[in-house]
K.L.:
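Starting off with a structure, shown below.
When a residue number appears, it is its place in the shown sequence, counting from 1.
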Amino acid sequence: ALPISSPAMPPLANDPSIVLTGGASGGIAGEGNNAGIFANGGPQSITARAITLQGGAAGLGNFAGISTGANQNITVGSGGINLTGGGGPLSDNAASIDQYGALGTSQTIVVNSGGSIVMQGGSSAQSNVGVGGHGSRAHLASEFGSQTITFTSGGQLQLIGGSVGSRNRALIYAGAGPSQNIVGADMISLQGGASGGITGEGNFASIYAGSGDQTIAVGAGGITISGGSGGAADRNNYADIYQAGLVGTSQTVTVSGGG
């Protein structure tokens with residue numbers, strides 16, 4: 001008998017990274033061709049050199065996501081975290097890291113070795129997509145728990161709003177939790193979207209604390225916030241750091257000089 005053989009498989013790249021990419025086409029409402037790491041009930045702990053999430057190039061609901069309904073701990077190295085919303089003629093091709101546990105839970109993100117967090121809203125063309133999970137957004141959120149993002153060796157935090165359609169935003173969000181703390185980056189940059197956006201559904205870039213205290217501490221590179229652009233009909237492509245907490249809560253922003 002003839003020997004059975006198969007072509008040799010190429011070796012895997014020696015790169016301890018996580019890359020999730022939503023489907024390039026297809027998908028319908030509630031049944032997208034998504035890529036994800038999900039922990040519905042228990043705590044989630046993820047460690048990698050880098051995490052890259054890319055929303056789908058087209059289609060509907062073809063998101064890339066990491067989420068849990070309990071405590072979330074994510075640690076990355078020099079490759080940092082990159083979240084990029086998708087495109088196409090429809091919408092909902094998001095790139096998101098979400099913690100939706102109850103009050104008293106937490107989201108903790110640690111960036112080591114000079115890594116950065118870069119979030120780019122998408123370019124999907126559909127407008128008036130509605131609230132909730134819609135839009136080809138880049139999203140890093142703790143819905144009900146505290147949120148802490150720590151850069152241990154510098155690095156950059158960049159948020160860039162999307163374009164074309166609506167709700168293609170870049171957003172770091174702490175909802176009903178008691179605190180949002182973002183500390184240790186060399187610089188923070190927020191840039192509103194270049195086009196698109198409608199009233200209530202902008203392609204904005206924002207760091208938002210909905211209920212509790214907000215603390216931002218950055219190094220000598222400082223903080224740059226630039227509103228977006230577009231045509232006369234484009235709306236809400238703003239950029240901001242916003243604390244919307246109750247009476248008795250606070251916002252503290254500190255820029256430390258070098259040398």
Side-chain angles (χ1 to χ4, degrees), residues 20-36 38 40 53-69 83-101 107 119-144 147 159-177 190-211 227-240 242 244:
L20 305 179
T21 305
S25 61
I28 61 174
E31 297 182 15
N33 299 325
N34 55 69
F38 309 125
N40 287 329
L53 275 60
Q54 171 67 61
L60 178 66
N62 297 337
F63 67 87
I66 294 173
S67 67
T68 182
L83 308 178
T84 306
L90 299 176
S91 187
D92 299 358
N93 299 330
S96 64
I97 296 176
D98 294 295
Q99 191 270 350
Y100 54 89
Q107 179 186 61
M119 301 170 59
Q120 168 72 65
S123 60
S124 58
Q126 192 170 9
S127 290
N128 197 24
V129 297
V131 298
H134 296 297
S136 293
R137 63 204 187 283
H139 204 224
L140 200 165
S142 180
E143 301 292 342
F144 302 104
Q147 182 184 60
L159 282 72
I160 307 164
S163 60
V164 188
S166 69
R167 223 163 183 265
N168 298 331
R169 62 195 189 185
L171 174 65
I172 296 178
Y173 175 85
L190 294 92
Q191 172 67 59
S195 65
I198 63 173
T199 300
E201 293 187 10
N203 297 332
F204 57 80
S206 180
I207 299 173
Y208 180 90
S211 295
S229 56
D234 297 331
R235 297 287 186 274
N236 286 93
N237 296 337
Y238 57 83
D240 66 10
Y242 191 86

K.L.:
Listed by chain and number, what are the side chain to side chain contact (heavy atoms under 4.5 Å, CB included) partners of Ser124, not counting sequence neighbours?
P.N.:
Ser91, Ser136, Asn168
K.L.:
Please enumerate all residues that pass side-chain hydrogen bond (donor to acceptor under 3.5 Å, both in side chains) together with Ser127, with sequence neighbours excluded.
P.N.:
none
K.L.:
In chain order, what residues pass the side chain to side chain contact (heavy atoms under 4.5 Å, CB included) check against Gln54, with sequence neighbours excluded?
P.N.:
Thr21, Thr84
K.L.:
Residues two or more places apart in sequence or in another chain: which of them pass side-chain hydrogen bond (donor to acceptor under 3.5 Å, both in side chains) with Tyr173?
P.N.:
none
K.L.:
Which residues pass the side-chain hydrogen bond (donor to acceptor under 3.5 Å, both in side chains) test with Asn128, not counting sequence neighbours?
P.N.:
none
K.L.:
Distance check, rounded to the nearest 0.5 Å: Asn40 atom CG versus Thr68 atom OG1?
P.N.:
8.0 Å
K.L.:
Listed by chain and number, what are the ring-ring contact (aromatic ring centres under 6.0 Å, His included) partners of Tyr242, not counting sequence neighbours?
P.N.:
Tyr208
K.L.:
Can you name the side chain to side chain contact (heavy atoms under 4.5 Å, CB included) partners of Ser211, sequence neighbours left out?
P.N.:
Ala176
K.L.:
Which heavy atom of Gly85 sits nearest to which heavy atom of Ala95, and what is that distance?
P.N.:
N-CB, 4.2 Å
K.L.:
Between OG of Ser166 and CG of Asn203, what distance do you get to the nearest 0.5 Å?
P.N.:
7.0 Å
K.L.:
Which atom pair, heavy atoms only, marks the closest approach of Gly22 to Ala64?
P.N.:
N-CB, 4.0 Å
K.L.:
Got a sec, which residues hit ring-ring contact (aromatic ring centres under 6.0 Å, His included) with Phe204, two or more places apart in sequence or on another chain?
P.N.:
Tyr238
K.L.:
Could you give the distance from CZ (Arg137) to CG (Leu83), rounded to the nearest 0.5 Å?
P.N.:
11.0 Å
K.L.:
Can you sort out the partners of Ala57 under side chain to side chain contact (heavy atoms under 4.5 Å, CB included), two or more places apart, ordered by chain and number?
P.N.:
none
K.L.:
Nearest 0.5 Å, please: how far is CD1 in Ile66 from CG in Leu20?
P.N.:
5.5 Å
K.L.:
Within the side chain of Asp92, is there an N or O that forms a donor-acceptor pair under 3.5 Å with the backbone of Gly135?
P.N.:
yes
K.L.:
Phe144: what forms a ring-ring contact (aromatic ring centres under 6.0 Å, His included) with it, not counting sequence neighbours?
P.N.:
none
K.L.:
Once rounded to the nearest 0.5 Å, what's the spacing between atom CG of Asn62 and atom CG of Asn34?
P.N.:
7.5 Å
K.L.:
To the nearest 0.5 Å, tell me how far Ile172 CD1 sits from Leu190 CG.
P.N.:
7.5 Å
K.L.:
How about Ser142 and Gln107: does a side-chain donor come under 3.5 Å of a side-chain acceptor?
P.N.:
no
K.L.:
With sequence neighbours excluded, tell me which residues meet side-chain hydrogen bond (donor to acceptor under 3.5 Å, both in side chains) with Gln120.
P.N.:
none
K.L.:
Applying side chain to side chain contact (heavy atoms under 4.5 Å, CB included) to Glu143 and Asp98, what does each step give before you reach the verdict?
P.N.:
CA-CA 8 Å; Glu143 301 292 342; Asp98 294 295; 4.2 Å; yes
K.L.:
Heavy atoms, side chains only, cut-off 4.5 Å: are His139 and Arg169 in contact?
P.N.:
yes
K.L.:
Can you see which heavy atom on Ser195 is nearest to which on Val164, and at what distance?
P.N.:
OG-N, 3.1 Å
